[in-house]
Structures are given as structure tokens and as C-alpha cells.
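Working notes, beginning with the structure itself.
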Amino acid sequence: MDELALLKSSDGPVTRGRLTDELTALGLADGDTVMFHTQMSALGYVAGGPPTIIGALRDVVGERGTLMVTCGWNDAPPYDFTDWPQAWQDALRAEHPAYDPDLSEADHNNGRLPEALRRHPGAVRSRHPDAGFAALGAAATALMADHPWDDPHGPDSPLARLVAMNGRVLLLGAPLDSMTLLHHAEALADAPGKRFVTYEQPILADGERVWRRFHDIDSEDGAFDYSAVVPDGTWPFEVIAQEMLAAGIGTKGMIGAAESHLFEAGEVVDFGVTWMEEKLGGTG
């Protein structure tokens, strides 16, 4: 963003103190366990970048609180590599590095904050290569431990634990369709036509690189065909989140130059499951 655009988009630099005040005004509080999604470019000029945001969030949630982000693995082999020419498959199987929670970069599509948080001293990253998360704070280990290899968005996933801990979801300038927690609702919803993916990725097992097969809902293209119930070109999570806000679930306010939102995780999942089952013909 150029200097003129910055001046027009914000009433000043976004500092740690300003973020702390505005996050508190939005409703974030001491002791909160919060999963957050950030679109830094929407906030304006953040003085100090990701460390400033992480610092402000920690200032607000305090020593008893916990921060959580979705990570994934930026350099994971694609799901469809098994359709490649055999020589390419053989080379990949022979030499593709294993997922390493300490070294493997978070998916760049999730922005700069997940990588910054997972590298932060004291952060804990889950063991799942494709659907992994990271957390920092009092409940980090409990949230991340033994992330299920299969159904990693479902019961006993970090997302399920976030709900069980009365956690919250913060969209810090991020669009409504970025709410990863709704994948947990997809995993739980009892509706026809649920779509799944099976794929292979290399991981470390007792220090050795091994290829493992994984099974999950299709979180990339959608666990359901939503085309009959959402407008063309619209990601269904945006529609669900808009309807949540219309129903009085969640709060919104300005953080920096960006409209931001704070939700209760349990309310998000309950609303999401009900919406999917009712709209898609589930049995409930």
C-alpha cells in the first residue's frame, strides 16, 4: 500500500497500544482462548508488523489466555501427485522432505501471522501436516496434543477443543469466509452428499520419514455442494457468517482501518451445523 493510500485508509499508524485498546473495546478479554485470522493489509500501517499484532493480542488475553491460528503446510505435496507420471511420483516419494512441525512453513495463503506465531518462542504446533494449527499460551499444549490423523477437523480436533474450552474466534480485518471453525461444523453436520478426500503426505515417525495416508472432509473445495443454497461465486462460509451476524451472533467493530468481528466458538459451530443440516436436507 502506498503512502497516500495509507493516509486515506487510516487515522494513524496501528500501534501495539492502539490495537490493545481496540481489541478490548471489541470484547476480547483476559483469559480468553481465541483463534484469530488476520488480513494485515486491511488494518492499515501496522507499526512493527506481525510481532506487534501478536504482542497486542497477548497483552489483552494475558498469561491465562491462549492464541491459536490455522497453519497447514506450505510445501506439502499436492493431493493429486499420484496422478503424475510415474517417474515424478517415484522422485517425490524418494526425496520429498517430511513435515516437521518445527521447520515446515505455514501455508502462505493464510497470511503472515500463522508463520509468525508458530515460530514464536513457546508456541506449540499440532502434528497434522495438512490441517495443522499452532497455539501460544496457557492452553496451547492441551489444544494441540495428539491432533487426530484422520478426521482432523472433527471430534477431538483442536477445533473441537477450542469449542470445549469456551473459546472465541477473532476475524482481525479478515473476511468472513476465512472462518476455519466452520470446517468443524462441516465435519459434524449430518447432511447428504458430504465430500471427503484421501491423500498421502510424508511425516516423521520415531525420527524416520514415512508416507502416511490421511482421510478428511474436503476442506479445499467444500465438504458439501452448496451451489443450490448460496449465490454463484460466493464462498458459503461468508453467507453463513452473515446470517450469524443478522441473528445477533458475534460482535463487530473497527480495528485499525478494518471492520473486525469476534464470535463465540460454540455459537459458531451450533449455528453452522444447524444451517447446513436445514439448508442441505440433513436429518439433524
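Residue numbers count from 1 along this sequence. Quick caveat, the model's predicted, so the values are computed rather than measured.
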Quiz item: Without hydrogens or angle criteria, can the side chains of Y79 and D130 be said to hold a donor-acceptor pair below 3.5 Å?
Solution: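 Y79 vs D130: donor-acceptor pair found between side chains.
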Do [X] and [Y] have side chains that approach each other closer than 4.5 Å (heavy atoms only, starting at C-beta)?
X: P175; Y: E238; result: no
X: E186; Y: H153; result: no
X: F214; Y: P129; result: yes
X: L172; Y: L23; result: yes
X: V34; Y: V60; result: no
X: R58; Y: L136; result: yes
X: F224; Y: M276; result: yes
X: L159; Y: V269; result: no

Examine distances only and state if a side-chain atom of [X] and a backbone atom of [Y] form a donor-acceptor pair shorter than 3.5 Å.
X: K194; Y: A187; result: yes
X: E115; Y: E105; result: no
X: R209; Y: A94; result: yes
X: R125; Y: P101; result: yes
X: R18; Y: G12; result: yes
X: R161; Y: L143; result: yes
X: Q89; Y: T82; result: yes
X: T52; Y: R16; result: no
X: D150; Y: H215; result: yes
X: R168; Y: G27; result: yes

Check for me, please, whether [X] and [Y] land in the same ILVMFWY cluster - side-chain distances under 4.5 Å, paths through other members count.
X: F271; Y: V230; answer: yes
X: I240; Y: I217; answer: no
X: M254; Y: L26; answer: no
X: M165; Y: V169; answer: yes
X: M244; Y: Y226; answer: yes

Practice problem: Could you check whether the rings of H96 and W73 sit parallel, tilted or perpendicular, using 30° and 60° as the cut-offs? | Solution: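 Ring orientation of H96 relative to W73: perpendicular.
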Exercise. Mind telling me whether H261 and F263 have parallel, tilted or perpendicular rings, with 30° and 60° as the class edges?
Key: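 Judged by the thresholds at 30° and 60°, the geometry between F263 and H261 is parallel.
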Does [X] [atom1] have over 12 foreign heavy atoms under 6.0 Å away?
X: R212; atom1: CZ; answer: yes
X: Q86; atom1: CD; answer: yes
X: W88; atom1: CH2; answer: no

Exercise. Could you tell me whether R195 and D221 have a side-chain N and a carboxylate O separated by less than 4.0 Å?
Key: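 Looking at R195 and D221, the cut-off is not met.
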Exercise. First locate atom CE of M35, then atom OG1 of T180, and finally report the distance between them rounded to the nearest 0.5 Å.
Key: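 Interatomic distance, M35 CE to T180 OG1, rounded to 0.5 Å: 4.0 Å.
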Exercise. Let me see the working for H37 and T70 under side chain to side chain contact (heavy atoms under 4.5 Å, CB included), right down to the final yes or no.
Key: CA-CA 8 Å; H37 305 268; T70 182; 4.1 Å; yes
Self-check item: side chain to side chain contact (heavy atoms under 4.5 Å, CB included) assessment of T66 paired with V61
Solution: CA-CA 7 Å; T66 304; V61 304; over 6 Å; no
Practice problem: Please determine which of H128, H184, H147 meets the ring pair (Phe, Tyr, Trp, His ring centres under 6.0 Å) test together with F133. | Solution: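 Output: one option passes, namely H147.
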Practice problem: Verify side chain to side chain contact (heavy atoms under 4.5 Å, CB included) between C71 and V69, making sure each step is shown before the conclusion. | Solution: CA-CA 6 Å; C71 284; V69 292; 4.2 Å; yes
